[in-house]
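Structure first, then comments.
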Amino acid sequence: MNATNERTLLGFPYVIMSEDILASLTEVQRQAASHIDGPLLMIAGPGSGKTRVVTHRIAYMISQDVNPSNILALTFTNKAAQEMRLRIERLVSAPGYWMGTFHGFCARILRQHGNLVGLAENFTILDSKDSKQALKRAIDATNIQLTHTSADSIAWEISNAKSNLLTPEEYQTSSTNSYSALTDVTRKASPAYEKYLLRSNSVDFDDLLLHVAVILRDNPELRAQLDDRYRYIMVDEYQDTNLAQYAIVHALSLNNQNLSVTGDPDQSIYAWRGANISNIREFEKDYPTAKVVHLEQNYRSTGKILRTADELIAHNRHRKPKKLFTDNAAGEPVRLVCFGHPNDEAAAIAQRIAAEVKRGERNYKDFAIFFRVNAFSRPLERALRSQNPKIPFQIVRGLEFLKRKEVKDIIAYLHLVNNPANNVAFERIVNMPPRGIGKTTLGHLRNHAERYQLTMLEACREAGMIETLSKRAAAAISRFVTLIDVFTTSVHLPLGDLIIEIVDNCGFTNYLEKIDAKTGEDRSANVDELINEAREFQQHFDEDKATDADLDDAASAKNQTDLEAFLEQVALVSEVDGFDQDTNKVLMMSLHAAKGLEFPSVFIVGVEHGILPHERSMDDDRSLEEERRLLFVGITRAEQQLQISYCQRRTFRGQTRIASPSQFLYELPRDDMRCTLPAGGLASIGNHPNSDFEPTADYFEPDQSDHDALATEEIEAKLQQAQAILEQAGDHESQQPAPKIDHLANELAAMTNITTAADLLASTDSKSSQNNTAKQIALADFEQGMLVAHQRYGSGVIVSISGSGDKRTATIKFLDQQQRKFRLAFAPLMYMDT
DNA sequence: TATTATCCAATTTTT
DNA sequence: TTGGATAATA
């Protein structure tokens, strides 16, 4: 039976055969992709073509006449969803299936059915900072003592409880195995916080999931209806789902058990925020009839990279043993390198990237640099910037500007307009920019709101009736209310215009200009960017509305206002969403953000004790193993090249401290790697706290299996070229020693473009920054394969270069066939710019 | 009330 | 090193 799918291309209908969709898959992949009905578990190792299978499977289902609107595909990030949607579109034309993140999906359900838990449809999604702020307010309002705990840890505790499907009420009685100050305070704070949120018509991230889980539990008829609506559910990264997500997925798969999950226990890296590996480990118990497919062959990495990953992860004891394998070539050895300081580490990486790009071997976008903590990006940024030419890079930290104060302030205005009950937004902007509504005034307002169960904005409307308020304060408040009312009437304006109106009329523009003029910042630029962002969003959104117009779904985008959709998107963007892998830039990101991506060449920096594994994750086995998985994830992102490095010193919160290599480095197959370590290897570090290892010598040293080496023939050819130039210059005794060669060097200087780093240094004051730049340019200009002249030894060719700054060292082979090493900053060297 | 000064804290990973 | 929160001052 050949089900078919009709599409139109340039207006002509044509037909895709179902077989075509599966044709490009391997046998195992096809087994998974062609399984439509009934539960399916796909254990997919790194680089095993998981995304490929998932996308082909969806395309296949649609080609088999599964109604797209019955398909629900849940991913971890918006980016993953986007990527999949794109790939599906290449296979089959089928609008109408839902693909997105858990949180996005839940937001959508709540917009429709939130009334069941006390939410109006225009509810606000608070980001973690806002929700922490809300928590603090709630705690303040209930005079709870924060002895021995902090708002932070309470927030953490509440979040954990919610991820584990404990509603605030259930948390009260939950048998947390032992009494602790934290649970005690949390039991008091949590209901207050919950009330605060509900009265603000707001939810935090965890609520999105928890509310939906509760709705599904308490409303059988609605549950059944949704179960039927989403008959085919697939979940990506299932190893990273928490209990709330588990409950949601299962509640929607009772009547129609067409649940397919994909994941890899070895890539579970979110247990710290409630992800539950047993969700995937016990899928077969939950669904005894599940078809299980293992994708183990790796199509991404070289043999050596894969072996490195495999040996590392084998050290995890709580794990079902499995062997990764590939048919790919063994490839270059994985590099394991020690550096003295993060600056050296960064400089070496920058040089390596610059060199490979210059040689035309790679593009900038082929490189990615991973770190355990975001703070480690600083030295790398500096190093990439200081290369000549600058190395373009992008740090994957989402739309970072959305977190800036001024931007969040404006967004808070939007929130208040969209959801007048939003007390969090109210508190944020009621006196921003300052308009005479201070602490005491606010206190009175809060009291009033509390007494009469009003929102803050409602309380403001009654300011005239609050006796405790001064006339002056009441007037300020009433001006504020008017302002918000005016904005509210403009809500129909295009988003960009709405923002402009707000910014101009509430005095924000002037306020920012004043600050910018004073501090030299450019906050106004961030506001402009927000306006652009909003306009761009609206354009896409309206286009989507046009294409989705045929959907019968009442909750589809068309019913949501642009403003609300924009605010929702802003709340749910993640770090990994905001970058474009196609622009030609080096990417830098945390190891967590790297999940799901792949790059030809990968650097992992700062693999040090207390960093990876992180010191807060070293105490128990479970979290230690998660750290190991994190490194595993990083390693398996690499296709062809991988470098893992650590430093002997590390500058942290202003102070430089001794660092030591991560225990994980001892678990790698070092016999098969190219190690550039101090004498004594990894273990040597502790013995020499003051050592300052510079991997100058071996790091860039020729290596036969490595194309970094300049081939012998190439060296000879270059030397002959040098000889020829010399002869042309009329000097037939070029291999003579010193004095004559001085003369030769002068002649060379006359006939070619020659630069001497030493000259530059001599002629300038090395303290001036300008001259430092000149020096760097000169130093960076020396590169492998260049013809050079040395005052003493004559002409030669650069075989390899290593090190950075004053320590940048060239290995040069001269006409006398001798190799010598020089510090470029000091050697009397010139190069020929040919 | 607003602005500045000072101190203090914390600083893993993120929807 | 940063930001955030509080204290002091105009």
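Here is the naming used below: chain letters follow the sequence lines, and residue numbers restart at 1 for every chain. Just so it is clear, the model here is predicted, and its values are computed rather than measured.
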Examine A/Phe480 together with A/Phe426 and report whether their ring centres are nearer than 6.0 Å.
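Yes; A/Phe426 has its ring centre under 6.0 Å from that of A/Phe480.
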Measure centre to centre between the rings of A/Tyr270 and A/His592, then say whether the value is under 6.0 Å.
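That pair passes the under 6.0 Å test.
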Got a sec: does the CZ of A/Arg622 have more than 12 other heavy atoms crowding it under 6.0 Å?
no
Around A/His250, counting heavy atoms of other residues, nucleotides and ligands shown, do more than 12 lie under 6.0 Å from its NE2?
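Atom NE2 in A/His250 is crowded, with more than 12 foreign heavy atoms closer than 6.0 Å.
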Taking the side chain of [X] as its heavy atoms from C-beta onward, which of [options] lies nearest to it?
X: A/Ser617; options: B/dT11, C/dA5, B/dT12; result: B/dT12
X: A/Asn374; options: B/dT12, B/dT15, B/dT13; result: B/dT13
X: A/Asp152; options: C/dA5, B/dT13, B/dT11; result: B/dT11
X: A/Lys129; options: B/dT11, C/dA5, C/dG4; result: C/dG4
X: A/Thr101; options: B/dT11, B/dT13, B/dT15; result: B/dT15

Need one value for A/Tyr270: base, sugar-phosphate or nothing, where a base atom within 4.0 Å counts as base even if backbone is also close, heavy atoms only.
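Contact class for A/Tyr270: sugar-phosphate only.
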Considering every strand and a 4.0 Å limit on heavy-atom distances, what is the contact class for A/Lys405: base, sugar-phosphate, or nothing?
sugar-phosphate
Calculate the interatomic distance between [X] atom [atom1] and [N] atom [atom2]; express it in whole Å.
X: A/Gln82; N: B/dT15; atom1: CD; atom2: P; result: 13 Å
X: A/Arg378; N: C/dT2; atom1: CZ; atom2: P; result: 7 Å
X: A/Lys132; N: C/dG4; atom1: NZ; atom2: P; result: 11 Å
X: A/Tyr511; N: B/dA2; atom1: OH; atom2: P; result: 10 Å
X: A/Phe376; N: B/dT13; atom1: CZ; atom2: P; result: 10 Å
X: A/Arg382; N: C/dT1; atom1: CZ; atom2: P; result: 10 Å
X: A/Lys514; N: B/dT4; atom1: NZ; atom2: C1'; result: 14 Å
X: A/Glu237; N: B/dT13; atom1: CD; atom2: P; result: 19 Å

What residues in residues 425-443 of chain A put a non-hydrogen atom under 4.0 Å from any atom of DNA chain B?
A/Asn431, A/Pro434, A/Arg435, A/Gly436, A/Gly438, A/Thr440, A/Thr441
Ignoring hydrogens and geometry beyond distance, is the side chain of A/Arg273 in donor-acceptor contact with the base of B/dT15 at under 3.5 Å?
no
The single option from A/Thr241, A/Thr262, A/Thr77, A/Thr51 passing side chain to side chain donor-acceptor pair (under 3.5 Å) against A/Asp236:
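Only match with A/Asp236 under side chain to side chain donor-acceptor pair (under 3.5 Å): A/Thr262.
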C1' atom, C/dA5 versus B/dT12: distance in rounded Å?
23 Å
Kindly say if A/Lys595 contacts the phosphate of B/dT13, meaning a side-chain N or O under 4.0 Å from OP1 or OP2.
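Looking at the OP1 and OP2 atoms of B/dT13, neither is under 4.0 Å from any side-chain N or O of A/Lys595.
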Please check the phosphate of C/dT1 (OP1 and OP2 only) for any side-chain N or O of A/Thr651 closer than 4.0 Å.
no
Are a donor atom and an acceptor atom from the side chains of A/Ser131 and A/Ser128 found within less than 3.5 Å of each other?
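Distance-only check fails for A/Ser131 and A/Ser128.
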With a 3.5 Å cut-off and sequence neighbours excluded, list the donor-acceptor pairs that the side chains of residues 431-441 of chain A form with protein atoms.
residue: A/Asn431; atom: OD1; partner: A/Arg435; partner atom: N; Å: 2.6
residue: A/Asn431; atom: OD1; partner: A/Gly436; partner atom: N; Å: 3.3
residue: A/Asn431; atom: OD1; partner: A/Ile437; partner atom: N; Å: 3.3
residue: A/Asn431; atom: ND2; partner: A/Ile437; partner atom: O; Å: 3.1
residue: A/Arg435; atom: NH1; partner: A/Ile429; partner atom: O; Å: 2.9
residue: A/Arg435; atom: NH1; partner: A/Val430; partner atom: O; Å: 2.7
residue: A/Arg435; atom: NH2; partner: A/Tyr413; partner atom: OH; Å: 2.8

5'-most by nearest nucleotide on DNA chain B - A/His614 or A/Arg472
A/Arg472
Ring centres within less than 5.5 Å and planes less than 30° apart: is that true of A/His592 and B/dT13 in this structure?
no
Supply the atom-to-atom distance A/Met456 CE to A/Asn423 CG, rounded to the nearest 0.5 angstrom.
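The CG atom of A/Asn423 is 6.5 Å from CE of A/Met456, to the nearest 0.5 Å.
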